[in-house]
Amino acid sequence: MLATISKPRVLLPLLSLVVVVGGWELVGRSINPLLFAPPSVVAQQFAELLATGELQRAATITVQALFLGYALAVVAGIPFGIVMGAWERFGDILQPYLYAIFSTPRVVVVPLIIVWFGIGFEARLFLVFFWSAIAISVNTAQGVRHARPDLVEVARSYRANRVQMARHVLIPGAIPFVVAGLRIGAERAIVGVIIGEMFLQIVGLGGVIQKGSEELLPAKMLCAVVIIATLGTIIVTLLDTFEKRFQNWKGDAA
Amino acid sequence: MSARSRKDVRRDQLIGVAVFLVLWEVTARALDNPLTMPPISAILAALLDLILSGELFLALGQSIFLLIVGLIAATVIGFVFGALIARSQTAYWMLNPYFSALFVTPTIALVPLVLVWFGFGFPGRVIVVVLAAVVPILFSVASGLRDAPGDLIDVARSFGVKGEIPLLFTVRIRAALPVLMAGLRLAAGRGVVGMAVAETYLRLGGIGGLIKSYGAMFQTDYVFASILPLSLLGIGLVTLIARVERRLHWT
Amino acid sequence: MKDATVDVPAIELRGIRKTFALSDDENAQRVLALDGIDLSIRQGEFLTIIGPSGCGKTTLLRIIASLILPDDGEVMVEGETVREPGLKRAMVFQTFGLFPWKTVIDNVMFPLQVRNEPAETARETAMHHIRQVGLDRFVDAYPHQLSGGMQQRVGLARALSTGADILLMDEPFGAIDAQTRELMQEELMRIWQEEQKTVVFITHDLDEAVLLADRVLLMSRGPGRVRETIPVELPRPRFDYDVRGHEGFAKVRGHLWQALRNDLVEQRAEETS
Ligand SMILES: Nc1ncnc2c1ncn2[C@@H]1O[C@H](COP(=O)(O)OP(=O)(O)OP(=O)(O)O)[C@@H](O)[C@H]1O
Ligand SMILES: [Mg+2]
């Protein structure tokens with residue numbers, strides 16, 4: 001039984017990949033290989049970019065800005081979120097602004113970032129950092145506030161003091177929220193780094209896309225897109241797995 | 001631990017906004033650098049100008065039209081593929097990886113490709129909105145229809161509802177509505193981003209184009225004045241859907 | 001239990017009154033939840049409380065635990081007025097109240113940790129009570145890996161580990177299936193007799209109320225008052241014979257049901273008029 005189910009599972013994505021790649025190759029080749037960039041052309045382009053080292057350099061730049069900005073967001077976002085959650089009044093007052101900033105598409109904030117930070121590394125870093133930090137803070141604050149009242153009562157009934165309450169009830173209860181914030185923040189960070197590279201300083205993988213667009217080379221753009229998608233999938237999958245580990249912690253009463 | 005009352009929160013937030021606006025105005029006047037920090041009064045004046053000249057409503061109209069068409073298209077596509085993935089293991093294993101990858105790929109990275117392949121007329125822009133918004137809808141349709149309560153389906157069957165399609169419409173969709181609305185809410189948020197991306201990548205009108213052109217002219221007060229309605233549009237839409245969503249939760 | 005204190009009631013309530021505000025507003029309307037409850041519970045007594053839904057049973061228990069304070073009146077534990085949670089009382093919660101991020105042993109050790117007991121002795125005490133409720137094989141399991149019945153055993157072990165003389169139990173078996181519940185009742189009886197605890201036990205279940213009790217307290221609804229207390233003088237241990245077939249059981253149960261039923265019928269009449 002197991003074997004009959006698991007076999008197609010491995011084969012189906014492969015099969016569909018073959019169909020998609022093959023179909024694209026056929027159609028792309030017959031219409032306009034340059035414009036529709038069939039897989040063979042993309043592969044060729046990929047090899048070329050690797051040979052010149054352009055792709056490696058671009059990926060390094062992207063990953064550096066991404067990790068630095070994200071690390072800063074984690075380091076700043078969690079403590080800030082704890083303060084927002086514990087000092088409820090402060091959190092309540094700040095919430096609308098964070099929500100408004102978070103809901104504003106970043107591409108339209110680019111003109112403001114240019115006048116504030118220029119178009120250099122700092123500007124790109126800010127794009128990664130700020131929105132990611134907001135996601136992490138807001139979720140952390142929610143976690144701190146979301147303490148289960150029944151467990152708070154349990155701790156109270158056994159005479160836990162404030163420190164013990166934080167250690168045994170509030171902090172463990174907030175962890176699933178923090179982790180969710182880390183995942184959302186990472187998604188935001190990935191988008192942020194690419195926007196910065198396409199609109200501010202034309203470098204990194206976003207820069208490769210932008211240059212490919214100017215040179216009218218879809219194959220080049222696709223190389224960068226594939227790497228970005230892979231990078232994104234790896235990061236988000238890792239954080240997803242991490243998040244699932246804490247799901248039982250959230251489990252509602254009974 | 002006691003939750004603060006709604007009234008207290010409202011009052012604090014109102015005071016907060018007032019303090020914030022006054023602080024901004026005072027700081028901006030002291031700095032006297034309208035490029036980086038125009039005073040609130042200048043931003044409001046710019047907003048008024050945009051409203052009176054009709055520029056804002058024209059742009060907003062274009063944007064909303066794009067957004068609505070894009071979201072409708074995303075819903076239709078999301079529904080078809082979501083239902084397929086929910087009802088067929090084969091479809092799931094063949095299609096899901098692409099949509100997962102699409103979900104984590106920043107829409108902005110795909111826009112240049114859309115430009116090359118579809119041009120930047122209305123269809124190209126709609127495609128950008130769809131790319132941004134389709135996955136949350138698709139996933140919510142897939143999970144909503146997959147987790148349809150078996151007991152309700154049995155009830156419907158026992159009352160004579162036969163066949164997959166009637167079951168889909170009588171039970172499955174109704175039971176999945178809250179999940180679908182949550183997906184739609186996410187999609188609306190992402191759709192607004194897609195819309196802005198589509199309108200910003202090339203200067204092509206709409207509210208995104210407006211922001212881009214004022215940015216290029218370094219008129220920061222006008223940039224702020226046109227970002228504001230865009231943010232409100234996004235927040236308003238998401239809030240609206242969240243309202244509907246809350247009403248649908250019968251449990 | 002020391003002889004010198006045996007005449008002092010374990011718990012004494014004097015004129016307990018409690019109101020709740022209907023909203024956060026300072027001057028919002030208030031509902032009267034409990035109206036002048038007087039009650040004395042003997043040391044070692046097993047008291048069950050039964051009454052229509054919303055009559056204030058949970059409120060009363062939380063007041064006894066000092067989790068909330070009454071508007072008027074006082075709570076005395078072994079002769080002393082109390083105003084905050086104490087070591088002599090331990091609570092068992094209807095929804096178990098287990099920390100999902102702690103294993104069974106860590107959940108049971110929690111009250112001891114809070115008291116800063118040395119880890120070694122805390123562990124020993126916790127193990128003893130985990131064995132007592134028959135969960136030795138699940139020491140390192142997490143709550144979500146346990147059935148409802150097992151989770152409540154952990155809740156019980158945790159309350160026992162405090163060494164408190166008084167167990168306050170709010171519908172502890174309400175969320176547990178009927179057959180497991182009977183087993184748990186039997187176990188609770190055994191532990192109660194072994195450890196000579198005073199138990200205040202809230203329930204919705206008439207059979208359970210009579211089966212366990214030395215005395216059943218019947219509350220009436222809106223505002224919560226003591227309607228009557230009925231002694232249950234069935235021979236113990238009650239699980240050695242068919243206690244439900246005993247004529248004393250039927251008599252008390254019938255009496256309780258009549259009173260409860262009247263209350264409910266009145267309520268229906270009020271609601272529909
Ligand atoms: N924190 C609170 N705020 C406002 N009203 C409350 C609060 N706690 C209890 N009440 C009200 O007090 C009354 C008694 O509630 P309580 O929970 O004590 O009843 P109960 O007898 O335990 O009910 P049940 O049998 O359903 O558990 C109810 O009308 C309830 O709505
Ligand atoms: Mg209750």
Side-chain angles (χ1 to χ4, degrees), chain A residues 78 81-82 85 87-89 91-93 95 139-140 142-183 239 241-254, chain C residues 58 61-62 64-68 82 84-103 106-117 141-149 151-152 154-155 158-159 161-164 166-172 174-176:
Chain A
I78 293 179
I82 292 177
W87 184 9
E88 296 195 8
R89 183 169 220 175
D92 285 338
I93 291 176
Q95 185 83 24
N139 277 280
T140 303
Q142 205 194 345
V144 173
R145 278 180 156 200
H146 194 89
R148 268 174 52 185
D150 59 327
L151 296 184
V152 170
E153 181 150 307
V154 169
R156 239 162 42 80
S157 86
Y158 292 117
R159 299 161 58 97
N161 60 32
R162 276 174 152 262
V163 176
Q164 290 166 331
M165 184 72 83
R167 179 175 148 217
H168 293 284
V169 185
L170 304 186
I171 292 174
I175 285 180
F177 291 84
V178 177
V179 177
L182 290 179
R183 183 181 49 74
L239 285 166
T241 322
F242 190 54
E243 196 180 347
K244 291 223 173 73
R245 290 190 51 181
F246 289 99
Q247 228 142 47
N248 296 323
W249 283 31
K250 231 171 174 174
D252 298 312
Chain C
T58 298
L61 202 71
R62 292 176 75 215
I64 297 177
S66 301
L67 285 166
I68 51 175
V82 291
E84 46 186 66
L87 302 178
K88 287 180 180 154
R89 291 156 290 164
M91 186 98 163
V92 177
F93 298 81
Q94 174 170 14
T95 51
F96 317 143
L98 301 182
F99 300 107
W101 45 82
K102 287 181 187 286
T103 57
D106 286 335
N107 263 293
V108 176
M109 272 168 62
F110 172 73
L112 306 170
Q113 267 182 321
V114 165
R115 271 190 234 162
N116 295 320
E117 278 197 22
Y142 283 90
H144 71 92
Q145 298 168 312
L146 306 178
S147 69
Q151 290 190 37
Q152 193 56 295
V154 180
R158 178 171 64 187
S161 79
T162 62
I166 300 166
L167 293 182
L168 305 175
M169 310 179 80
D170 188 2
E171 297 189 37
I176 293 171

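Protein chains get the first letters and strands the later ones, always in sequence-line order, with residue 1 at the start of each. All values derive from a computational prediction rather than experimental measurement.
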Interchain contact, [X] with chain A, by part (heavy-atom threshold 4.5 Å):
| X | result |
| --- | --- |
| Leu87(C) | both |
| Ala164(C) | neither |
| Arg62(C) | side chain |

* To do: From the options Phe110(C), Phe93(C), Tyr142(C), select the one residue that forms a ring pair (Phe, Tyr, Trp, His ring centres under 6.0 Å) with Phe99(C).
  => Phe110(C)

Anything under 3.5 Å between a donor and an acceptor, one on a side chain of residues 161-178 of chain A, the other on a protein residue two or more places apart or in another chain? List them.
unit_1	atom_1	unit_2	atom_2	d
Asn161(A)	OD1	Val163(A)	N	3.2
Asn161(A)	OD1	Gln164(A)	N	2.8
Gln164(A)	OE1	Asn161(A)	N	2.9
Gln164(A)	NE2	Val114(C)	O	2.7
His168(A)	ND1	Lys102(C)	NZ	2.8

* To do: May I ask you to name which of Gln152(C), Gln113(C), Gln94(C) has the most heavy-atom pairs under 4.5 Å with chain A?
  => Gln113(C)

* If you tally heavy-atom pairs under 4.5 Å against chain A, which of Ala90(C), Pro143(C), Gly97(C) wins? -> Gly97(C)

* To do: Check salt bridge (charged side-chain N to carboxylate O under 4.0 Å, His left out) between Arg156(A) and all other residues, then give those that pass, not counting sequence neighbours.
  =>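 If we apply the salt bridge (charged side-chain N to carboxylate O under 4.0 Å, His left out) test to Arg156(A), skipping adjacent residues, there are no hits.
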
* Of all heavy-atom pairs between Glu243(A) and Val179(A), which one has the smallest distance, and what is that distance? -> CA-CG1, 3.5 Å

* Asked: So, for Arg159(A) and Gly86(C), which heavy atoms are closest and what is the spacing to 0.1 Å?
  -> NH1-CA, 3.6 Å

